[in-house]
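We count residues from 1, following the sequence as given. Hydrogens, waters and symmetry mates are skipped; everything else that's a heavy atom, side chains included, is used.
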Amino acid sequence: MSDPTFPPTPDSASKIKPRGNRGRVRSTPKGRRVDPAAREELLALLGDAPRRRDLLIEHLHKIQDRYGCLHARHLVALAAEMKMAMAEVYEVATFYHHFDVVKEGDTPPPAITVRVCDSIACELAGARELLATLAARLGAGVRVLPAPCVGRCESAPVAVVGQHPIPQATAEQVAAAVDAGHVTHPPAGVVTPGHMDYAAYRASGGYALAAACMAGSKTPADVVAVMEDSGLRGLGGAGFPAGRKWKLVSAEPAPRLLAINIDEGEPGTFKDRYYLERDPHRFLEGALIAAWAVGIDAIYIYLRDEYHGCRAILAREIAALQANPPCAMPAIHLRRGAGAYICGEESAMIESIEGKRGEPRLRPPYVAQVGLFGRPTLEHNMETLHWVRDILEKGPAWFAGHGRRGRKGLRSFSVSGRVKRPGVHLAPAGITLRELIAEHCGGMLDGHELYGYLPGGASGGILPASKADVPLDFDTLNEYGCFIGSAAIVVLSNQDSAAGAARNVMKFFSEESCGQCTPCRVGTVKALQLMAAKRWDAPLLQELSQAMMDASICGLGQAAPNPVLTVLKYFPGEVE
């Protein structure tokens, strides 16, 4: 095929030259010819960076950042440079939300894109009105898009101008940022005064524990035992015991890898960003200790693309750590997501790190016996590693002893919605919502009464105010059809609708499904259609929910029905 459009269209058939005899040699190379100018532009961007397949998404980001989109000519040049099929490059580029693929003859997007978060916390705070106002005010020269959760729920509503987040956004603030060309994230010291950089962390005793461990003050077995005794469980949502995971992965054959998941795309969740902006080295030290204890050869950090400021922080602080290492350390690789909630799932994240579409693998959970690059892989959420230093320095009883009502540990609750002090609140595991609001959040907003809450972000279900005295921790919510997940609490008041909240999160799931399996891909869309009715067809929604829970490949489709089922159970008056 000679110089077809990208991707191929029916018109390209006319450009195929008749082959005639089977042995005839083509007058032009098979496939798409590379534009010499596009190749030079690409080479200038890539420099001496390796052309490995696992760096495909990183290279796509370089093109998108430089040109504001992915022109077909650059994708063709990239495929040739990386010795990949153009179809492979194209299918990856079109999978992720933050890549804009532009075919020949198409108009590129405007130079500035404004994304307005329309997930649950921002919708409660007026995101719909903000979207409508901005679309009319900014005009055709600026692209205004609704966006899934950007991880700043405590500052709702949030707009992002280019890569510049604007908390508690108004149309005037967004227009001013657009007019001034403020499209990059402000420096960490401006956003979070008192930010702990490498020098300050070392001065406060940071990395002394990691150095002591590697000098022989502790054995890997000792450290794993302390982690098991502490009761620390994975804080990304699944809640698998951290110490047990270390033991299981260390028993796998070397070489082993560590993958740290900071995708944090669950609506209502922002705790990882909170800690990254303030004390990034605490989790990095935890990662080094975990790597030493488990026998890890390399660390891969997967950071969601919406956290542009955090990426600048991590790139700078990892460079400082590597330039003056306090102890022996494995290689650390920082990888950038591209806008895909599904990559919060462990195996989908691994696929993305490998430069592929973020689609979950069919495999047992928790221990990636054949994980990243085919090697045994220890996967952790960032906050899990954040607590390693405190647990080892203060002892397992310190962490375990913080819980209430017989629960173990501390939880970082991301609280948003109708409270006076939304934000990340560190509280004992087993605290109730009523206590959390009274002791940490300053109470409900004036004029608002507690009506309901999402105890575990978008997928954790919705409970009524009558269940506000249930302990918040792993397993305590199961009997109510909910779970705590990453401890993202969205508080609803008597001015809100549980059915409306459920529709919001189902819309999110329908847009974020990777499409790999039919129950999730079709089920989320069908459920959203049924939920649009004033009166819900409860039997059909329950049957559909059961099919999704039983047959979906990963947790997205399995958990998506939770808001539907809990609304039917606890808020029937809204949907009958």
Side-chain angles (χ1 to χ4, degrees), residues 97 118-121 123 146-149 153 236-239 263-269 339-349 358-362 365 452-463 477-478 480-490 492 497-533 536-571 574-575:
H97 295 319
D118 66 353
S119 289
I120 180 64
E123 182 177 89
C149 185
C153 315
D263 191 62
E264 196 170 51
E266 181 83 11
T269 309
Y341 166 70
I342 190 63
C343 291
E345 195 275 339
E346 176 183 14
S347 63
M349 174 198 66
E359 295 179 334
R361 297 175 177 175
L362 285 170
Y453 66 106
L454 286 70
S459 56
I462 305 175
L463 289 175
L477 298 163
N478 294 0
Y480 305 101
C482 297
F483 59 82
I484 193 169
S486 58
I489 311 290
V490 185
L492 307 177
S497 159
R503 279 191 291 269
N504 179 284
V505 298
M506 187 58 72
K507 174 177 177 290
F508 172 83
F509 291 135
S510 69
E511 293 170 349
E512 292 298 320
S513 171
C514 75
Q516 182 178 194
C517 66
T518 303
C520 177
R521 180 182 68 249
V522 177
T524 52
V525 174
K526 180 63 175 178
L528 185 60
Q529 292 170 346
L530 294 171
M531 294 164 71
W536 290 6
D537 186 336
L540 184 54
L541 276 168
Q542 289 168 343
E543 181 181 0
L544 177 62
S545 297
Q546 193 63 53
M548 292 171 64
M549 291 187 292
D550 290 344
S552 294
I553 289 173
C554 80
L556 191 157
Q558 294 163 8
N562 287 339
V564 178
L565 297 175
T566 49
V567 167
L568 289 171
K569 182 176 182 179
Y570 298 113
F571 303 90
E574 289 193 20
V575 296

Problem set entry | Main-chain N/O of Gln516 paired with Glu359 side-chain donor or acceptor, under 3.5 Å | no
For this session: Quick one: closest heavy-atom pair of Leu544 and Ala527, and the distance?
Result: CD2-N, 3.6 Å
Exercise. Is Glu574 reaching over with its side chain to a backbone N or O of Ala498, donor-acceptor style, under 3.5 angstrom?
Worked result: yes
For this session: Would you indicate whether the side-chain heavy atoms of Val525 and Arg521 approach each other to under 4.5 Å?
Result: no
Exercise. Under the salt bridge (Lys or Arg N to Asp or Glu O under 4.0 Å) rule, what pairs show up with a residue in residues 499-510, not counting sequence neighbours?
Worked result: Asp118-Lys507, Lys507-Glu511
For this session: Rounded to the nearest 0.5 Å, what's the gap from CG on Leu541 to CG on Leu530? Could you check?
Result: 5.0 Å
Exercise. Do we see a donor-acceptor contact under 3.5 Å between the side chains of Ser545 and Glu543?
Worked result: no
Exercise. For the residue pair Ile342 and Leu556, what are the closest heavy atoms and their distance?
Worked result: CD1-CD1, 3.9 Å
Problem set entry | Distance (rounded to the nearest 0.5 Å) between Glu123 CD and Cys149 SG | 12.5 Å
For this session: Of all the heavy-atom pairs spanning Trp536 and Ala533, show the shortest one and how long it is.
Result: CD1-O, 3.3 Å
Exercise. Okay, side chain of Asn504, backbone of Ile120: is any donor-acceptor separation there less than 3.5 Å?
Worked result: yes
For this session: Compare every heavy atom of Ala560 with every heavy atom of Met548, then report the nearest pair and how far apart it is.
Result: CE-CB, 3.9 Å
Exercise. Do the side chains of Gln542 and Leu568 get nearer than 4.5 Å, heavy atoms only?
Worked result: yes
For this session: Using a 4.5 Å cut-off on heavy atoms from C-beta on, say whether the side chain of Leu454 contacts that of Leu492.
Result: yes
Problem set entry | Minimum heavy-atom distance between Cys482 and Thr566, given as atom pair plus value | SG-CG2, 3.8 Å
For this session: Would you check if Met531 and Met506 make a side-chain contact, meaning some heavy-atom pair closer than 4.5 Å?
Result: yes
Problem set entry | Validation row: Pro148, Glu512 side chains within 4.5 angstrom (heavy atoms) | yes
For this session: Classify the side-chain pair Ser486/Thr269 by whether it contains a donor and acceptor separated by less than 3.5 Å.
Result: yes
Problem set entry | Close side-chain approach of Ile462 and Phe571, heavy atoms under 4.5 Å | yes
Problem set entry | Validation row: Leu463, Leu477 side chains within 4.5 angstrom (heavy atoms) | yes
Problem set entry | Value rounded to 0.5 Å, distance of CD in Gln558 from OG in Ser552 | 6.0 Å
For this session: Indicate the ring-plane relationship of Phe509 and Tyr341, choosing parallel, tilted or perpendicular according to the 30° and 60° boundaries.
Result: tilted
For this session: For residues Tyr570 and Tyr480, establish whether the separation of their ring centroids is below 6.0 Å.
Result: no
Exercise. Quick one: CD on Glu346 to SG on Cys554, what's the gap to the nearest 0.5 Å?
Worked result: 12.0 Å
For this session: Decide side-chain contact (heavy atoms from CB on, under 4.5 Å) for Glu266 and Ser459; before the verdict, give the C-alpha distance in whole Å, the side-chain angles of both, and the deciding distance to 0.1 Å.
Result: CA-CA 8 Å; Glu266 181 83 11; Ser459 56; 2.9 Å; yes
Problem set entry | Neighbour count above 12 (heavy atom, 6.0 Å) for Lys569 NZ | yes
For this session: Quick one: closest heavy-atom pair of Pro360 and Glu345, and the distance?
Result: CB-OE1, 3.6 Å
Exercise. With a 4.5 Å limit on heavy-atom distance, are the side chains of Ile553 and Cys520 in contact?
Worked result: no
